[in-house]
Number of protein chains: 2
Amino acid sequence: MQDLSPQQNDQTGIDEAIVSGILSARIRPGTRLGESEVASLFSVSRTRVREAMMRLEQRGIVKVSPRRGWFVVEPSAEEAMMVYAARRVIEAGLLRGMEELTTNGRDRLHAHLAEEKAAIAAGDRQRLTCLMGDFHIRIAELSGNTILVEILRDLTARTILISLLYQSEFHAMQSHLGHCRIVAAMEEGDFLKAAALSVDHLDEVETGLDLTRRPDPLADLRHSLSLPPQTAAAPSNAPRKAKP
Amino acid sequence: MQDLSPQQNDQTGIDEAIVSGILSARIRPGTRLGESEVASLFSVSRTRVREAMMRLEQRGIVKVSPRRGWFVVEPSAEEAMMVYAARRVIEAGLLRGMEELTTNGRDRLHAHLAEEKAAIAAGDRQRLTCLMGDFHIRIAELSGNTILVEILRDLTARTILISLLYQSEFHAMQSHLGHCRIVAAMEEGDFLKAAALSVDHLDEVETGLDLTRRPDPLADLRHSLSLPPQTAAAPSNAPRKAKP
DNA sequence: CTTTCTAAGCTTGTATGCAAGACTTGTCGC
DNA sequence: GCGACAAGTCTTGCATACAAGCTTAGAAAG
């Protein structure tokens with residue numbers, strides 16, 4: 001397993017270290033997170049790791065398979081649709097209820113869009129994944145409602161896991177333009193339009209998923225061997241083992 | 001402390017037993033939930049209680065005060081407003097996005113309204129509190145989105161804690177009528193109207209709160225001594241101790 | 001060569017023990 | 001009478017130990 005977090009993250013807590021690893025797509029769905037393994041990484045006992053896992057399970061980020069271990073969730077197609085539906089409901093609701101965009105808020109959004117642009121230019125895909133999710137959290141932060149921010153943060157984490165599972169290619173530019181359009185509408189003060197654009201944007205991303213693709217049980221091995229990812233052409237009848 | 005749950009709840013888990021106690025207003029905000037105390041109630045070790053508490057803390061239902069104990073949250077006025085704002089966003093978003101009311105769904109809602117009516121007639125306040133919160137969960141269930149259902153369930157739990165802290169009197173009939181109006185709009189197929197009514201309903205309930213009232217640290221003692229509840233007339237400058 | 005059964009190893013599940021800190025209460029000094 | 005202080009008690013924080021079950025590797029039989 002790759003190092004799931006820098007050492008300094010001991011301060012911020014095990015939970016956030018793992019979530020941060022997911023948000024930046026360093027941790028893949030289905031990754032096993034053994035208690036003793038994580039415990040030694042953070043130089044603590046299994047007890048604290050377990051407590052962190054319990055919290056993460058509550059947040060829908062990891063799941064436990066009894067006596068087998070903890071795993072980063074691999075959302076099913078159904079769950080994926082629910083996550084997107086929930087995000088549509090919440091984000092659209094947020095924007096619709098917004099009344100004004102403060103100059104401070106506008107600056108933050110512009111700064112974020114600039115970061116997106118820079119990451120696209122640099123081709124830093126990991127950073128890009130993180131930023132694309134963060135955009136929606138930034139919007140929630142404008143409302144000042146920390147409850148909704150936390151909810152959206154967890155949904156974003158799940159979204160990233162979903163895209164790692166079902167997204168064949170990542171149209172970063174398309175998403176970026178979507179974000180720009182939303183911000184533009186907000187600057188016009190037309191929050192209903194922003195809400196509609198947000199729904200469209202999420203629809204667009206969801207449509208880009210291939211939800212028929214079964215989660216690939218060999219993904220991590222494939223990745224370790226530097227093989228190309230599973231092609232969308234042969235999704236369902238891929239052989240379990242390679243025949244010689 | 002009153003028995004916070006029937007013995008049979010051992011099966012459903014400690015978490016849900018406590019949440020159920022809150023949803024039915026048997027557990028007041030600020031209640032201390034000592035680890036050993038709860039552990040002996042459920043005949044388990046502190047370990048499992050601790051795990052349950054961790055999950056409940058993540059859900060915003062309990063808080064830990066270091067080396068002092070676990071307490072059912074006492075939402076501040078700010079948090080209270082955030083909870084209501086979040087509920088407005090989610091519930092309105094849900095209704096707005098709904099497209100049809102199935103006959104099954106209609107039956108469920110009617111059954112629920114009938115239960116509310118019966119509880120009002122019977123004057124069963126505890127049951128009523130539970131039902132009033134459940135109504136909104138029923139609506140979320142119609143969407144089939146279990147993620148949103150779980151989110152709303154936790155928000156409802158917090159709402160009940162809020163009303164126990166800040167609601168001087170409980171206008172059950174008013175809330176019931178609000179629910180009836182929402183269902184009526186849904187039956188007409190006018191989900192935008194239902195959404196608007198839902199926002200109005202939540203506004204109405206929130207307006208009925210007295211958010212200036214400070215949480216009463218002596219509430220449980222007062223209750224134990226059968227003294228009358230703190231009057232709203234002298235909220236802030238009430239003496240810490242009675243002067244002889 | 002294939003299949004089946006068994007046993008060992010590794011993983012989580014749960015309890016318990018000890019340590020550190022906070023609050024209470026009793027006592028002493030003023 | 002009143003305030004400060006200190007010991008004791010009670011609480012959580014954390015680590016460790018043991019039990020139970022899943023997985024897998026290896027041996028044996030067909």
Side-chain angles (χ1 to χ4, degrees), chain A residues 1 4 9-18 27 30-74 217-218 220-221 239-244, chain B residues 1 4 7 9-18 27 30-74 215 217-221 224 239-244:
Chain A
M1 188 195 311
L4 56 77
N9 275 337
D10 194 11
Q11 189 65 21
T12 73
I14 300 170
D15 314 23
E16 290 316 312
I18 293 177
I27 303 181
T31 303
R32 201 180 100 89
L33 298 172
E35 290 184 4
S36 347
E37 203 174 0
V38 178
S40 66
L41 272 177
F42 286 88
S43 308
V44 295
S45 129
R46 272 181 54 216
T47 306
R48 290 185 58 188
V49 175
R50 244 183 111 68
E51 291 174 349
M53 290 300 177
M54 296 279 170
R55 283 187 291 259
L56 290 174
E57 183 180 37
Q58 191 64 51
R59 293 166 69 177
I61 291 174
V62 304
K63 266 213 167 330
V64 64
S65 180
R67 314 259 178 204
R68 277 178 28 84
W70 295 87
F71 298 87
V72 177
V73 294
E74 298 182 279
L218 302 177
D220 47 351
L221 180 57
R240 281 295 175 119
K241 288 185 179 182
K243 292 178 184 174
Chain B
M1 189 197 307
L4 56 79
Q7 202 70 11
N9 276 337
D10 194 9
Q11 189 66 20
T12 72
I14 301 170
D15 314 20
E16 289 316 311
I18 292 177
I27 303 181
T31 303
R32 201 180 99 87
L33 298 171
E35 289 183 5
S36 349
E37 203 173 1
V38 178
S40 66
L41 272 176
F42 286 88
S43 309
V44 295
S45 125
R46 274 180 53 216
T47 306
R48 292 184 56 189
V49 175
R50 245 183 111 69
E51 292 175 348
M53 290 300 175
M54 297 280 171
R55 284 187 292 258
L56 290 174
E57 183 179 37
Q58 192 64 50
R59 294 166 68 178
I61 290 174
V62 305
K63 264 212 168 332
V64 63
S65 179
R67 314 258 178 204
R68 278 178 28 81
W70 296 88
F71 297 87
V72 177
V73 294
E74 298 181 279
L218 302 177
D220 48 351
L221 180 57
S224 303
R240 280 295 174 120
K241 290 185 179 179
K243 294 177 183 174

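Computed over heavy atoms, backbone and side chain alike; hydrogens, waters and symmetry mates excluded. Worth saying up front: this structure is predicted, and the values here are computed from it rather than measured. Lettering follows sequence order; numbering is per chain, from 1.
- The side chain to side chain donor-acceptor pair (under 3.5 Å) with B/S65 is formed by just one residue from the set B/R68, B/K63, B/R67; it is B/R68.
- Rounded to whole Å, atom P of C/dG13 lies 14 Å from atom CD of A/E51.
- The side chain of B/R67 lies closest to D/dT12, out of D/dT12, C/dT12, C/dT14.
- B/V49 places none of its side-chain heavy atoms less than 4.5 Å from the side chain of B/L33.
- Shown are B/D15, B/I61, B/V62; of these, the side-chain contact (heavy atoms from CB on, under 4.5 Å) with B/R55 is made only by B/D15.
- The side chain of A/E35 has C/dG13 as its nearest neighbour among D/dG13, C/dG13, C/dT14.
- For the pair B/T47 and C/dT14, the criterion of a side-chain N or O lying under 4.0 Å from OP1 or OP2 is not met.
- For the pair B/R46 CZ and C/dT14 P, the interatomic distance rounds to 16 Å; values are reported in whole Å.
- Between the P atom of C/dT11 and the CZ atom of A/F71 lies a distance of 11 Å, rounded to the nearest Å.
- Distance A/W70 CH2 to C/dG13 P: 6 Å, rounded to the nearest Å.
- Comparing atom distances between the A/R48 side chain and each of D/dC14, C/dG13, D/dT12 picks out D/dC14 as nearest.
- Judged by distance alone, with hydrogens and angles left aside, B/R68 brings no side-chain donor or acceptor close enough to the base of C/dA22 to form a pair under 3.5 Å.
- Rounded to whole Å, atom C1' of C/dG13 lies 13 Å from atom CD of A/E57.
- Candidate nucleotides C/dT12, C/dA15, D/dT12 were compared by shortest atom distance to the side chain of B/R50, and D/dT12 ranks first.
- Salt-bridge annotation for B/E51 and A/R48: absent, with no side-chain N of the basic residue lying under 4.0 Å from a carboxylate O of the acidic one.
- For B/S45, the side-chain atoms get nearest to C/dT16 when compared with the rest of D/dC14, C/dT16, C/dT14.
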